[in-house]
Amino acid sequence: MPAPAGYTFTPDPARTPKTRTDAKSFALAVVAGPDAWGPDYVEARPYLSAEDSWPVLPESCVWEAGTLPATVLYSVTTHSEMPAAHGKGRVRVTATVTVHRTADDADWEMSQTLEEALRCPGQTLREGQRITGLMSIGDPGDTGNNFAHDSINERGKFVDDTVKGEQFYGWTQARVGQVTVAVSSRGGAGQEDADLATSMAKASVTMISRTEARLEATS
């Protein structure tokens with residue numbers, strides 16, 4: 001059996017963002033809104049992340065606010081949710097687009113992200129909310145990944161002290177050239193894991209497709 005061809009998309013250098021202004025326009029055009037997740041999702045409040053916000057995970061494994069790295073031109077995150085209904089709890093999701101200065105810078109972010117899950121299988125998001133049992137798998141585009149230059153998938157359990165039990169947690173990040181796109185989902189009580197994973201895939205594919213369309217060479 002022949003080896004998988006892998007991901008073969010090549011961004012057009014003439015269409016890659018080179019300034020912060022270009023990167024901001026690019027990111028806002030690509031980032032997924034609630035419609036990309038499914039018909040039951042709506043904008044959360046706040047919807048957009050604060051300008052130049054950049055979360056970091058120190059050795060304490062407690063997420064905190066950091067400074068936008070010099071290697072990043074622009075990054076934006078949207079917050080959406082599926083409100084609690086029909087006896088099922090609220091689902092909270094995020095979508096992030098980060099435009100790096102170079103593809104190597106984006107690749108380095110992917111490597112750091114993979115390391116974080118290995119270093120911190122348990123992470124505190126904020127007081128009373130945490131992730132446990134986190135597992136991470138990387139899938140570079142030269143080993144059979146045919147939808148991005150690199151991708152990472154993480155799964156674990158989301159614990160909210162105000163809700164009984166453990167719920168679904170998923171996070172996926174992919175790289176196309178100098179751009180990374182990421183989605184996360186924190187499930188509510190009674191939600192099916194498979195449904196939440198499907199919504200994550202839809203939002204991720206939407207952003208990858210938008211990224212390729214904006215970086216593709218024109219005839």
Side-chain angles (χ1 to χ4, degrees), residues 27 31-32 37 41 43-84 89-100 105-139 150-175 179-189 191 193 196-197 199-200 203-204 207:
V31 71
W37 294 88
Y41 287 84
E43 291 185 5
R45 294 290 182 269
Y47 175 60
L48 287 177
S49 57
E51 190 90 351
D52 292 334
S53 60
W54 187 261
V56 296
L57 187 66
E59 294 301 321
S60 64
C61 298
V62 178
W63 284 97
E64 59 185 42
T67 303
L68 195 70
T71 56
V72 173
L73 289 172
Y74 193 79
S75 183
V76 65
T77 296
T78 58
H79 301 263
S80 302
E81 64 180 31
M82 182 195 299
R90 177 176 60 155
V91 178
R92 287 164 281 196
V93 300
T94 65
T96 301
V97 177
T98 301
V99 182
H100 294 263
D105 292 333
D107 192 44
W108 179 244
E109 184 205 348
M110 299 290 290
S111 298
Q112 288 180 310
T113 300
L114 187 60
E115 183 273 336
E116 287 172 348
L118 298 174
R119 175 168 55 85
C120 293
Q123 301 175 7
T124 298
L125 303 178
R126 57 180 56 86
E127 186 175 356
Q129 295 183 7
R130 58 194 180 277
I131 302 163
T132 64
L134 193 62
M135 298 183 66
S136 184
I137 300 175
D139 188 7
D150 197 359
S151 67
I152 301 171
N153 289 284
E154 296 182 355
R155 292 294 184 269
K157 292 298 182 180
F158 173 59
V159 179
D160 185 331
D161 289 346
T162 65
V163 179
K164 183 178 180 180
E166 297 179 331
Q167 313 304 331
F168 172 89
Y169 174 79
W171 186 90
T172 298
Q173 181 166 295
R175 178 179 72 83
V179 180
T180 60
V181 299
V183 296
S184 74
S185 178
R186 290 172 283 165
Q191 301 286 350
D193 290 5
L196 301 181
S199 293
M200 287 178 59
S204 182
M207 293 195 292

J.: To the nearest 0.5 Å, what is the distance between CD1 (Ile152) and CE (Met110)?
T.: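 Result: 4.0 Å between the selected atoms.
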J.: To the nearest 0.5 angstrom, please state how far the OG1 atom of Thr77 sits from the CH2 atom of Trp54.
T.: 9.0 Å
J.: Under 3.5 Å, is there a donor-acceptor pair between the side chain of Thr78 and the main chain of Ala32?
T.: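 Yes; judged by distance alone, with no hydrogens or angles, the pair exists.
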J.: Distance from Gln173 atom CD to Glu154 atom CD, nearest 0.5 Å?
T.: 8.5 Å
J.: Taking the side chain as every heavy atom from C-beta outward, state whether Ser80 and Tyr47 have any atom pair closer than 4.5 Å.
T.: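 Contact flag for Ser80/Tyr47 side chains = yes.
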J.: Provide the closest heavy-atom pair for Arg155 versus Ala197 in the form atom of the first, atom of the second, distance.
T.: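 Looks like NH2-CB, 4.1 Å.
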J.: If I compare all heavy atoms of Val99 with all of Ala27, which pair ends up nearest, and what's the gap?
T.: CG2-CB, 4.3 Å
J.: With side-chain contact (heavy atoms from CB on, under 4.5 Å) as the test, would you mind laying out the steps for Ser75 and Thr96 before giving the verdict?
T.: CA-CA 7 Å; Ser75 183; Thr96 301; 3.9 Å; yes
J.: Would you check, one step at a time, whether the test side-chain contact (heavy atoms from CB on, under 4.5 Å) holds for Leu48 with Val76?
T.: CA-CA 7 Å; Leu48 287 177; Val76 65; 3.9 Å; yes
J.: Under 4.5 Å between any side-chain heavy atoms of Thr71 and Trp108, yes or no?
T.: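 No - every pair of side-chain heavy atoms lies 4.5 Å or more apart.
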J.: Roughly how far, to the nearest 0.5 Å, is CG of Leu118 from CD of Glu116?
T.: 10.0 Å
J.: Using every non-hydrogen atom in the two residues, find where Ser199 and Trp37 come nearest and quote the distance to one decimal.
T.: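 That closest heavy-atom pairing would be OG-O, 3.2 Å.
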J.: Over all heavy atoms of both residues, which pair between Ser204 and Thr172 is shortest? Give the atoms and the distance, please.
T.: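 What the structure gives for the nearest pair is OG-CG2, 4.4 Å.
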J.: Can you name the residues that form a salt bridge (Lys or Arg N to Asp or Glu O under 4.0 Å) with Glu166, not counting sequence neighbours?
T.: none
J.: Considering all heavy atoms of both residues, which atom of Val56 and which atom of Pro58 are nearest to each other, and what is their separation?
T.: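 Taking every non-hydrogen atom into account, O-CD, 3.4 Å.
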J.: Report yes if the side chains of Arg175 and Asp107 come closer than 4.5 Å at any heavy-atom pair, otherwise no.
T.: yes
J.: Drop me the distance from Met200's CE to Asn153's CG, to the nearest 0.5 angstrom.
T.: 7.0 Å
J.: Taking the side chain as C-beta and beyond, is there a heavy-atom pair between Thr113 and Trp171 under 4.5 Å?
T.: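 Thr113 reaches Trp171 side chain to side chain.
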J.: Identify the heavy atoms of Val163 and Ala189 that sit nearest to each other, and give their distance.
T.: CG1-CB, 4.4 Å
J.: If you round to the nearest 0.5 Å, how far is CG of Leu196 from CE of Met82?
T.: 6.5 Å
J.: Could you give me the CA-CA distance, side-chain angles and deciding distance for Val91 and Phe168, then say whether side-chain contact (heavy atoms from CB on, under 4.5 Å) is met?
T.: CA-CA 9 Å; Val91 178; Phe168 172 89; over 6 Å; no
J.: Going by heavy atoms in the side chains, are Val179 and Val97 under 4.5 Å from each other?
T.: yes
J.: Check whether any side-chain N or O of Arg130 sits under 3.5 Å from a backbone N or O of Lys157 as a donor-acceptor pair, and report yes or no.
T.: no
J.: Can you pull the salt bridge (charged side-chain N to carboxylate O under 4.0 Å, His left out) pairs that have at least one residue in residues 67-82, sequence neighbours excluded?
T.: Glu81-Arg90
J.: Ignoring hydrogens and geometry, is there a side-chain-to-backbone donor-acceptor pair from Ser185 to Gly170 under 3.5 Å?
T.: no
J.: Which donor-acceptor pairs under 3.5 Å do side chains of residues 120-129 form with protein atoms, sequence neighbours excluded?
T.:
| residue | atom | partner | partner atom | Å |
| --- | --- | --- | --- | --- |
| Gln123 | OE1 | Trp63 | NE1 | 2.9 |
| Gln123 | NE2 | Cys120 | O | 3.0 |
| Arg126 | NH1 | Gln129 | OE1 | 3.0 |
| Gln129 | OE1 | Arg186 | NH1 | 3.1 |

